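By convention in this document, chain letters (A, B, ...) are assigned in the order of the sequence lines, proteins followed by strands, and residues within each chain are numbered from 1. Heavy-atom basis, side chains included; hydrogens, waters and symmetry copies ignored. All values derive from a computational prediction rather than experimental measurement.
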2 protein chains.
Amino acid sequence: MRHTSFDGARGCYIEAALEVIADKWKGVILYHLLGEPKRFNQLKRTFPELSHRMLTRQLRELENDGIISRKVYPEIPPKVEYSLTDLGRLLEPTLLSLEVWGVRYIEMTRYSRNCQSDKS
Amino acid sequence: MRHTSFDGARGCYIEAALEVIADKWKGVILYHLLGEPKRFNQLKRTFPELSHRMLTRQLRELENDGIISRKVYPEIPPKVEYSLTDLGRLLEPTLLSLEVWGVRYIEMTRYSRNCQSDKS
DNA sequence: CTGGATCCAGCCTGATACTG
DNA sequence: CAGTATCAGGCTGGATCCAG
C-alpha cells in the first residue's frame with residue numbers, strides 16, 4: 001500500500017513482495033507452514049521467542065494478504081489451523097532458495113552458532 | 001522433500017537468512033545493487049522514502065554481514081561505492097524469485113496499482 | 001559527498017487480564 | 001485452545017547538526 005515513487009517498474013514487484021514477507025517472523029512462519037497445516041499453539045511452541053500477541057498479528061496480516069488461510073473448527077475447545085494458500089505456496093521456491101542461501105551465509109561468515117531450535 | 005521436518009532445527013538457516021535480509025529496505029537495496037555498484041547518493045535518490053539515516057544504517061548492517069562491500073575513493077569530495085560481495089551475489093536467484101512472486105502477488109490480489117513508470 | 005551523533009516523538013511490543 | 005483489549009516502556013526512525 002504505501003507504495004510510492006520508486007526508481008522504476010522493476011522495483012515495484014519486489015517491493016510489493018518485501019512489503020508482505022520481509023519480516024523475520026513472517027518468513028519463518030511461512031517456512032514452517034510449507035509442510036502441513038499448523039495450529040496456533042503449535043506455531044507458538046515452535047517459536048518460543050515470538051510472543052502470543054505477535055504471532056496473532058503476523059498470522060492476521062499474512063491472512064489478510066492472502067498468503068495463508070485460517071480454518072476454524074467449530075469445536076470445543078477451539079481448533080484453528082493455518083495453512084498456505086495457493087499464493088503462499090508459490091513462495092516455496094523463494095523460501096527454499098533463501099534457506100540455501102542461509103546455509104552459505106553461515107558457512108561463509110563462519111557463524112559459530114549452533115542451530116538449536118529449542119530455546120525453551 | 002523433508003517437508004515433514006520443518007519444525008526442527010532446519011529452520012535455523014532460513015532464520016539466519018531472514019535475520020539478515022528480512023527487511024524491506026535491505027531487500028530493495030540488494031535488489032538494486034544486483035546491477036552495477038552504486039554510490040550513496042545514488043541509492044538515496046533511488047529511495048526517496050528512505051531517510052539518510054536509515055540508508056546509512058542499512059548499508060552498514062549489510063556491510064557488516066558481508067553482503068555488500070563498501071569501496072571508498074580517497075577523493076575530495078568523497079566517493080563511496082556499494083556493491084554486492086560474492087555472498088551477496090548469491091542472493092540474486094532468491095531476489096529474482098521473490099520478484100517473480102511479487103508479480104503473482106499483485107496479480108492474484110488484484111492490486112490495481114500501476115507499476116509502469118520510467119526507468120532511470 | 002559521505003556519514004556519524006543527538007534529540008525526541010511515535011510506534012511497536014510484551015505482559016497481563018479477559019472472553020468464548 | 002484461540003484470540004482480543006489495554007497499557008506502560010522501549011525501541012526505532014526522522015530531522016537536524018556537525019565533521020572529514
ask   = What residues form a side chain to side chain contact (heavy atoms under 4.5 Å, CB included) with A:V100, not counting sequence neighbours?
value = none
ask   = Between atom CD in A:Q42 and atom C1' in D:dG3, what is the gap in whole Å?
value = 17 Å
query = Which ones in residues 75-85 of chain B lie close to DNA chain C, meaning a heavy atom under 4.0 Å from one of its atoms?
reply = B:P77, B:P78, B:V80, B:Y82
task = Using the salt bridge (charged side-chain N to carboxylate O under 4.0 Å, His left out) rule, collect all pairs that involve residues 50-64 of chain A, keeping only residues at least two apart or in two chains.
result = A:K26-A:E61, A:R60-A:E63
task = Please report, rounded to the nearest Å, how far the P atom of D:dT12 is from the CG atom of A:D23.
result = 14 Å
ask   = Taking side chain as C-beta onward, heavy atoms only, is A:K38 less than 4.5 Å from A:L33?
value = yes
query = Does anything in residues 59-103 of chain B pair up under ring pair (Phe, Tyr, Trp, His ring centres under 6.0 Å), and if so which pairs, sequence neighbours excluded?
reply = B:W101-B:Y105
message = Which heavy atom of B:L59 sits nearest to which heavy atom of B:I68, and what is that distance?
response = O-CD1, 3.5 Å
remark   = Atom NZ of A:K44 and atom P of D:dT4 are separated, to the nearest Å, by 14 Å
inquiry  = Can you list, in residue-number order, the parts of residues 50-59 of chain A that come under 4.0 Å of DNA chain D, counting heavy atoms only?
reply    = A:H52, A:R53, A:T56
query = How large an angle, rounded to 10°, do the end axes of the helix from C:dC1-D:dG20 to C:dG20-D:dC1 enclose when each is built from five base pairs?
reply = 50°
ask   = Can you check the A:K38 NZ to D:dA2 P distance for me, whole Å?
value = 14 Å
query = Mind checking what makes side-chain hydrogen bond (donor to acceptor under 3.5 Å, both in side chains) contact with A:S83, not counting sequence neighbours?
reply = A:S69
key: Side-chain heavy atoms of B:F47 within contact of B:H32, under 4.5 Å   = yes
message = Taking the side chain as everything from C-beta on, heavy atoms only, tell me whether B:T46 gets closer than 4.5 Å to B:V28.
response = no
inquiry  = At a heavy-atom distance below 4.0 Å, which nucleotide of DNA chain C is the first touched by chain B, and which is the last?
reply    = C:dC1 to C:dC7
With sequence neighbours excluded, residues passing side chain to side chain contact (heavy atoms under 4.5 Å, CB included) with B:N64 = none
request  = With sequence neighbours excluded, tell me which residues meet salt bridge (Lys or Arg N to Asp or Glu O under 4.0 Å) with B:R70.
outcome  = none
task = Could you list the residues that satisfy ring pair (Phe, Tyr, Trp, His ring centres under 6.0 Å) with B:F40, not counting sequence neighbours?
result = B:H52
Could you pull out every donor-acceptor pair under 3.5 Å between side chains of residues 84-93 of chain B and any protein atom, sequence neighbours left out?
unit_1	atom_1	unit_2	atom_2	d
B:T85	OG1	B:G66	O	2.6
B:T85	OG1	B:I67	O	3.0
B:T85	OG1	B:L87	N	3.3
B:T85	OG1	B:G88	N	3.1
B:R89	NH2	B:L84	O	3.3

key: Under-4.0 Å salt bridge between B:E19 and A:K24   = yes
